[in-house]
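All remarks here apply to the structure that follows.
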Number of protein chains: 2
Amino acid sequence: MKYKIYIVGMGPGKEEMMTFQAVHALEASDVIVGYPVYLNLLENRFQGKERLSTPMTQEEKRCRMCFEEALKGKTVALICSGDAGVYGLASLMYEIGKDYPDCELTVIPGITAANSGAACLGAPLNHDYCVISLSDLLTPWEQIENRLRAAAQGDFCIALYNPSSKKRADYLQKACDILLERLEESRACGYVENIGREGTRAVTCTLKELRDRQVNMFTTVFIGNSQTQLEDGKLVTKRGYRL
Amino acid sequence: MKYKIYIVGMGPGKEEMMTFQAVHALEASDVIVGYPVYLNLLENRFQGKERLSTPMTQEEKRCRMCFEEALKGKTVALICSGDAGVYGLASLMYEIGKDYPDCELTVIPGITAANSGAACLGAPLNHDYCVISLSDLLTPWEQIENRLRAAAQGDFCIALYNPSSKKRADYLQKACDILLERLEESRACGYVENIGREGTRAVTCTLKELRDRQVNMFTTVFIGNSQTQLEDGKLVTKRGYRL
């Protein structure tokens with residue numbers, strides 16, 4: 001293995017929420033490749049590095065760019081927000097990597113929005129939990145519905161990614177309606193906007209209220225399990241300790 | 001709010017895998033409270049700080065210790081491995097915190113084993129996923145079985161925490177048998193021992209093989225979804241890109 005590519009999870013945004021390992025990988029790289037929004041989050045750090053990007057929806061091209069740069073003898077870092085292995089480009093890099101057997105991939109984990117958002121709300125994922133994306137860009141909606149029903153049936157705490165976008169304005173409402181087939185309207189829920197960035201806002205509400213909230217693509221939504229309670233404005237899932 | 005307590009997720013072990021935010025919180029604290037194993041992971045760092053601990057199973061006492069120290073005017077950090085909000089002490093701190101209204105809690109997220117272990121194996125959680133603990137210390141086994149069945153029904157990628165211990169030597173086998181009610185024997189799986197510590201070892205196998213593997217309490221287990229494949233020794237869950 002001659003050529004080195006790091007696939008770096010940068011956490012929710014602020015450099016403060018990156019790991020030392022992630023920063024060291026970026027420092028060790030000659031080129032940083034990423035979606036423009038993520039490159040901008042790095043701001044003035046790593047100024048000596050070459051920066052390359054492709055627009056949204058050109059993920060395959062962005063990945064191939066990493067391998068092509070590596071083959072020139074450069075150490076490459078591909079940055080993803082949150083964790084590169086959670087709805088990020090890690091798996092696509094491994095798939096494409098079959099065409100580039102001389103390149104070695106290393107995934108550097110980052111804090112994904114389920115966990116960084118949970119910290120803003122208190123402790124909503126403090127027991128078994130599911131992470132589900134409501135984006136049907138790459139996943140059939142029927143499969144998303146099936147997973148929502150399974151999550152409700154298993155009494156999991158749930159973190160929902162990509163709860164809404166301009167084209168999918170009613171997806172959170174549809175998801176809540178599916179959960180309400182089984183869960184009570186008073187189920188404790190919450191959501192966090194702009195985790196780890198300017199304008200972070202954490203809100204708690206019931207599942208019935210959540211159904212009618214307007215959220216955007218920079219929001220992560222949390223649905224409690226049957227043991228989740230609102231404690232002084234925080235969303236807290238009990239582990240089962242007897243106090 | 002006069003008294004400040006940080007609940008800090010330290011990630012899997014190595015300081016390299018902590019966030020800057022976590023290190024800054026420890027630096028800002030007068031006292032670091034934690035289970036002895038986690039305090040030892042900090043090694044020689046933060047030597048000027050008072051260190052306090054309680055043995056395993058004395059979690060409530062450990063939490064109350066944080067509040068009592070804070071009431072003395074000290075800034076306190078409670079450390080947990082991984083993420084304090086994932087099977088950690090964050091929710092217990094909020095529950096007990098009702099008795100200490102002058103103390104303000106801040107959760108600092110860390111990399112939980114689902115994500116740090118996934119990075120060692122490739123990209124096994126690169127689509128919707130569940131995190132389930134097999135420990136029945138605080139959770140009835142029937143509920144764990146129900147969640148395993150729901151996870152299989154929803155075609156989730158699965159990360160299993162606490163897959164085994166001396167008293168629960170056959171729990172992983174029992175869990176695999178439940179998953180095998182619905183999933184094929186060839187389902188791509190893997191496990192990682194000692195994530196982020198000395199002796200890290202990542203292994204891939206089928207679900208049938210996993211059933212008979214001996215794992216210990218320092219192991220995190222991964223079961224792929226129907227789109228997960230073994231690619232050159234890595235466990236990779238496809239997101240749905242058409243290449």
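Labels below follow one simple rule: chain letters A, B, ... track the order of the sequence lines, proteins then strands, and each chain is numbered from 1. All values reported here derive from a predicted model rather than from experimental measurement.
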- Item | Distance in Å, C189(B) SG paired with I223(B) CD1, rounded so as to fall on 0.5 Å steps | 5.0 Å
- Message: Centre-to-centre under 6.0 Å for F222(A) and Y191(A), is that the case here?
- Response: no
- Item | For chain B, the option from L89(A), V107(A), N126(A) that forms the most heavy-atom pairs under 4.5 Å | N126(A)
- Query: So what's closer than 4.5 Å to chain A heavy atoms on E15(B): side chain, backbone, both or neither?
  - Reply: backbone
- Can R147(B) and D128(A) be said to form a salt bridge (charged side-chain N to carboxylate O under 4.0 Å, His left out), step by step? CA-CA 8 Å; R147(B) 288 188 176 143; D128(A) 305 325; 2.8 Å; yes
- Item | When G97(B), A123(B), P109(B), G240(B) are compared by non-hydrogen pairs under 4.5 Å with chain A, the top option | P109(B)
- Turns out that what part of K238(B) lies under 4.5 Å from chain A's heavy atoms comes down to both
- Message: So for D99(B), is it side chain, backbone, both, or neither that comes closer than 4.5 Å to the heavy atoms of chain A?
- Response: neither
- Item | Most chain B-contacting option - heavy-atom pairs closer than 4.5 Å, from Q153(A), M18(A), K14(A) | M18(A)
- Given a strict heavy-atom distance threshold of 4.5 Å, which part of A152(B) is in contact with chain A: side chain, backbone, both, or neither? neither
- Output the option from P12(A), G122(A), A118(A), P124(A) having the highest count of non-hydrogen pairs under 4.5 Å with chain B. G122(A)
- When only pairs under 4.5 Å are counted, which of A84(A), S116(A), G88(A), G110(A) shares the most heavy-atom pairs with chain B? G88(A)
- Message: I'd like to know whether S133(B) forms a side-chain hydrogen bond (donor to acceptor under 3.5 Å, both in side chains) with N162(B), so could you lay out the CA-CA distance, the side-chain angles of the two residues, the decisive distance to 0.1 Å, and finally the verdict.
- Response: CA-CA 6 Å; S133(B) 168; N162(B) 306 306; 2.9 Å; yes
- Would you check if L148(A) and L160(A) make a side-chain contact, meaning some heavy-atom pair closer than 4.5 Å? yes
- Note on the structure: Ranking I108(B), V86(B), L137(B) by heavy-atom pairs under 4.5 Å to chain A gives rank one to V86(B)
- Using a cut-off of under 4.5 Å for heavy-atom pairs, which of L235(B), T106(B), I96(B), I111(B) has the most such pairs with chain A? I111(B)
- Measure the acute angle between the ring planes of F67(B) and Y100(B), then classify it against the limits of 30° and 60° as parallel, tilted or perpendicular. parallel
- Note on the structure: When the 4.5 angstrom heavy-atom criterion is applied to D83(A) and chain B, the contacting part is side chain
- Query: With chain A, which of S91(B), C130(B), G154(B) has the greatest number of heavy-atom pairs at distances under 4.5 Å?
  - Reply: S91(B)
- Residue selection (most heavy-atom pairs with chain B, distance under 4.5 Å) from A90(A), A150(A), G85(A): G85(A)
- Note on the structure: Honestly, the part of R242(B) sitting under 4.5 Å from a heavy atom of chain A is backbone
- Item | K234(B) vs L121(B), side chain to side chain contact (heavy atoms under 4.5 Å, CB included): CA-CA, chis, key distance, verdict | CA-CA 5 Å; K234(B) 295 290 180 178; L121(B) 280 164; over 6 Å; no
- Spacing of K2(A) atom NZ and C103(A) atom SG [to the nearest 0.5 Å]: 10.0 Å
- Under 4.5 Å to a heavy atom of chain B? For T112(A) that would be side chain
- Who among I158(A), I7(A), I132(A), N146(A) has the most heavy-atom pairs with chain B under 4.5 Å? I132(A)
- Test side chain to side chain contact (heavy atoms under 4.5 Å, CB included) applied to I144(B) and L134(B), step by step: CA-CA 7 Å; I144(B) 297 169; L134(B) 296 189; 3.8 Å; yes
- Working for salt bridge (charged side-chain N to carboxylate O under 4.0 Å, His left out), residues R64(A) and E60(A): CA-CA 6 Å; R64(A) 289 202 183 273; E60(A) 182 185 347; 3.2 Å; yes
- Identify which part of E231(B) has an atom lying under 4.5 Å from any heavy atom of chain A, answering side chain, backbone, both or neither. side chain
- Check against salt bridge (charged side-chain N to carboxylate O under 4.0 Å, His left out), E68(A) and K61(A): CA-CA 10 Å; E68(A) 296 299 335; K61(A) 191 173 164 192; over 6 Å; no
- Looking at M93(B), H24(B), Q229(B), which makes the most heavy-atom pairs under 4.5 Å with chain A? H24(B)
- Just wondering, do C120(B) and T200(B) contact through their side chains at under 4.5 Å, heavy atoms? yes
- Per-residue contact mode, Q143(A) against chain B (heavy atom under 4.5 angstrom): side chain
